[in-house]
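Within every chain, numbering begins at 1; the chains are lettered A, B, ... in the order of the sequence lines, protein sequences first and strands thereafter. These values consider heavy atoms only, across backbone and side chains, with no hydrogens, waters or symmetry-generated copies.
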Number of protein chains: 2
Amino acid sequence: MTMTLGPFATAARQQNKSARTRARLMDAAVEVLARDGFEGASVNEIVRVADVANGTFYVHFRDKEAITVAVSARIVSDLTDQIDQAMTDLDDAIERFSFATRQFIEFAHGLPQWGWMILRCAPALRDAYQPMETHLFSDLVRGRRQGQIPQDIDAFLVDTIFAMVTAALAARLRGAAGPEAGSRVSELVLTMLKVPPERAQEVAWRPVELREIHLPVLPKVRAQRPVAPLAADAD
Amino acid sequence: MTMTLGPFATAARQQNKSARTRARLMDAAVEVLARDGFEGASVNEIVRVADVANGTFYVHFRDKEAITVAVSARIVSDLTDQIDQAMTDLDDAIERFSFATRQFIEFAHGLPQWGWMILRCAPALRDAYQPMETHLFSDLVRGRRQGQIPQDIDAFLVDTIFAMVTAALAARLRGAAGPEAGSRVSELVLTMLKVPPERAQEVAWRPVELREIHLPVLPKVRAQRPVAPLAADAD
DNA sequence: GCATTTTTTGGGATATCGTTCATTTTTGGG
DNA sequence: CCCAAAAATGAACGATATCCCAAAAAATGC
C-alpha cells in the first residue's frame with residue numbers, strides 16, 4: 001500500500017492532512033490531464049487516481065477548471081522560478097534564451113506528465129500559461145535593447161517562438177527527438193531572429209550544465225487554514 | 001426550416017439520401033469538434049447539431065474517432081488539393097512555400113470551423129494530418145535540391161515549421177493577427193532556413209492573388225452503395 | 001400502386017458524469 | 001483519554017454518455 005507519491009504529495013508530506021489530500025488530488029489531476037486533455041478529463045477519474053472519495057474533491061476544488069488552473073499556476077511558477085534561479089549569473093540575452101529553452105525542455109522531459117500537461121492544457125487555458133510567454137518576452141526585449149537581436153519583438157513573434165519550443169518539447173516527449181532538441185530549436189529561433197549564424201550555433205550547442213530537477217518548490221507552510229468555508233480555487 | 005447547409009451537405013446535395021445525411025453528420029462533427037475538441041466532443045452533441053436521430057449516427061460511423069478521421073481526411077485532402085491546383089504554375093520552391101502558407105491560412109480563416117478543427121484535432125490525431133506535413137516536406141526538399149535552402153531538411157525541422165504555421169493560423173483565427181499573418185510567418189520561416197533576408201522578405205510580402213474558397217471538392221457520385229452491410233469508416 | 005430494399009427513427013439498457021450532503025472518521029488540544 | 005473541530009466519506013441525485021435494435025418511414029424498381 002506504499003504508493004509512490006507524486007511531486008506535489010512529496011512536497012506536502014510535512015503539512016496537515018488537508019494540504020496533503022489537496023496535493024494528492026493535484027498530482028492525480030496532472031496525470032489525468034496529461035493523458036486525456038482538459039476537455040477529456042473527468043473529476044471521477046481524478047479522484048479514482050488520487051484514491052480518494054468522490055465527495056472529497058469538492059472540499060478542495062470547485063470543479064475541474066478550478067483544479068486545472070491551480071495545478072497550471074503551480075507548474076508554471078515552479079518551472080519559471082527554477083529556471084530563473086539557474087540563470088542568475090547569465091546576463092547575455094542570447095545565452096539566457098538558449099539556456100532557458102534547453103533547461104525547460106529537459107526539465108519537462110524529466111517530469112513527462114508535467115510536460116504533457118503543459119502541451120495539452122496550454123491551448124485550452126491560454127492565460128494560465130501566459131506567464132511563460134511573458135518571461136520569454138522580457139528576455140527577448142532585453143536582447144533587443146542589448147543590440148543583439150536585430151528583429152523587432154512583438155506578440156506575434158513571441159507566439160511563434162513559443163510554438164516552436166513547445167513543438168520541440170512534444171518531439172522530445174514522444175521520443176522523436178533526443179536531448180539535442182533544445183539546442184536545435186534554440187539555434188533555429190536565433191537564426192530566425194537574425195542573430196549571426198556562427199554565434200547562434202556556438203551559443204545553442206555549447207555544452208552546458210543543466211540543473212537537477214528539484215521539485216516542486218516547498219509551499220509556504222501555514223499552521224492552519226484561517227477560514228475558507230468552501231474550497232479556494234486559485235492558490 | 002430552411003437550414004443553411006454546411007460545406008459537406010452542400011456538396012452532397014445531388015447524391016442519395018444516405019450520402020446526404022452522412023454529409024450533414026460530417027458538417028455537424030466539424031462544428032462540434034472545432035468548439036469542444038476531440039476529447040470534449042460527444043456523439044450526442046453531433047447528432048443534435050445535425051438534427052438527426054442518435055441511432056442514425058451509428059449507421060454511418062462506428063464511433064467518434066471514425067467520424068473524426070473521416071472528416072479530417074476530407075479536410076486535409078480538399079485543402080491540399082485546392083492549394084496544389086492554385087500553384088501549378090509555380091516552380092520555385094521558396095515561392096511555393098510562401099504561397100501555400102498564405103493560401104492555407106487565409107483559406108482556413110475563411111472557413112473558421114475548419115481552421116479550428118485542424119488546430120484542435122491535429123495534436124490528437126497526428127497521422128490523419130500527416131499528409132500536410134508530408135506535402136510541406138516535399139516542397140522543402142525540392143528547395144534544398146534547387147540550392148535555395150541552405151538548411152538541411154529533416155522531420156524535426158518540418159515539425160517546427162508546421163508548428164509555426166499553425167500558430168500563425170491560431171493567431172489569425174482568434175483575431176490577434178490580420179491578413180498579414182501568412183506573410184509574417186513565411187518570412188520568419190524563410191529567414192530561419194537561411195534564405196537571404198532580402199529575398200525572404202520580397203517573396204513573403206509580394207502581393208499575390210489568393211484563390212477563392214471553393215469547397216469541398218465534389219465527391220465522386222456513385223449510383224448506389226455496392227455492399228457495405230455496416231458503416232464504412234474511412235472514405 | 002404495390003412490394004422490396006434502404007434508411008431513419010427513437011426508446012431502452014447500461015454506464016458514467018458532476019454534484020450534494022448527512023454521516024463517519026480523523027485530528028489535535030487540553 | 002475525551003471531545004470539539006476538521007476532514008473525508010460514499011450513497012444517491014438527475015443529467016448525459018454510448019450503443020443496440022425492433023419498428024416506422026422513405027426511396028426505389030416494376
| Test item: Arg96(A) side-chain N/O and Leu90(A) main-chain N/O as donor-acceptor pair under 3.5 Å |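 Yes; at least one donor-acceptor contact below 3.5 Å.
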Whole-Å distance between [N] [atom2] and [X] [atom1]?
X        : N       : atom1 : atom2 : answer
Asp63(B) : dA15(C) : CG    : P     : 19 Å
Tyr58(A) : dC21(C) : OH    : C1'   : 13 Å
Phe57(B) : dG10(C) : CZ    : P     : 18 Å
Gln14(B) : dA27(D) : CD    : C1'   : 17 Å
Asp51(A) : dG10(D) : CG    : P     : 10 Å
Asn44(A) : dT19(C) : CG    : C1'   : 10 Å
Lys64(A) : dC17(C) : NZ    : C1'   : 10 Å
Glu39(B) : dC17(C) : CD    : P     : 15 Å

**Prompt:** Quick check: are there more than 12 heavy atoms from other residues, nucleotides or ligands sitting under 6.0 Å from CZ of Arg13(B)?
**Reply:**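 Open.
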Exercise. Is it the case that more than 12 heavy atoms not belonging to Glu65(B) sit under 6.0 Å from its CD atom?
Worked result: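 At most 12 heavy atoms, drawn from other residues, nucleotides or ligands, come within 6.0 Å of this atom.
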- Item | Upstream residue (5' side of DNA chain D) when Gly55(A) and Val43(B) are each assigned their closest nucleotide |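 It is Gly55(A) whose nearest nucleotide is closer to the 5' end.
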- Show the numbers, then the answer: is there a salt bridge (charged side-chain N to carboxylate O under 4.0 Å, His left out) between Arg22(B) and Asp27(B)? CA-CA 9 Å; Arg22(B) 191 183 149 98; Asp27(B) 280 321; over 6 Å; no
When you measure from the side-chain N and O atoms of Asn54(B) to the phosphate of dC19(D), is any distance below 4.0 Å, counting only OP1 and OP2?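 For dC19(D), neither OP1 nor OP2 has a side-chain N or O of Asn54(B) closer than 4.0 Å.
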Exercise. For His60(B) and dT8(C), is the shortest distance between a side-chain N/O and OP1 or OP2 below 4.0 Å?
Worked result: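 Affirmative; the distance criterion is met.
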Nucleotide nearest Ser42(B) when distance is taken to its side chain, options dA17(D), dA26(D), dG18(C):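 Given the options dA17(D), dA26(D), dG18(C), the side chain of Ser42(B) is closest to dA17(D).
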_Nearest to the side chain of Thr56(B), heavy atoms from C-beta on, is which of dA12(D), dT8(C), dT18(D)?_
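Among dA12(D), dT8(C), dT18(D), the one nearest the side chain of Thr56(B) is dT8(C).
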Next on the checklist: Between Arg126(A) and Asp159(A), does any side-chain N to carboxylate O distance fall below 4.0 Å?
Outcome noted: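 Asp159(A) and Arg126(A): salt-bridged.
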Practice item. Using a strict cut-off of less than 4.0 Å between a Lys/Arg side-chain nitrogen and an Asp/Glu carboxylate oxygen, indicate whether Asp81(A) and Arg74(A) qualify as a salt bridge. Key: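 Salt bridge between Asp81(A) and Arg74(A), a charged N being under 4.0 Å from a carboxylate O: no.
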Symbol by symbol from the 5' end, with Watson-Crick or G-U pairs under 3.5 Å, [ ] crossing and | another strand, DNA chain D is ||||||||||||..||.|||||||||||||
| Of all residues at least two apart in sequence or in a different chain, which pass the side chain to side chain donor-acceptor pair (under 3.5 Å) check with Arg172(B)? |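 Expected list: Glu106(B), His109(B).
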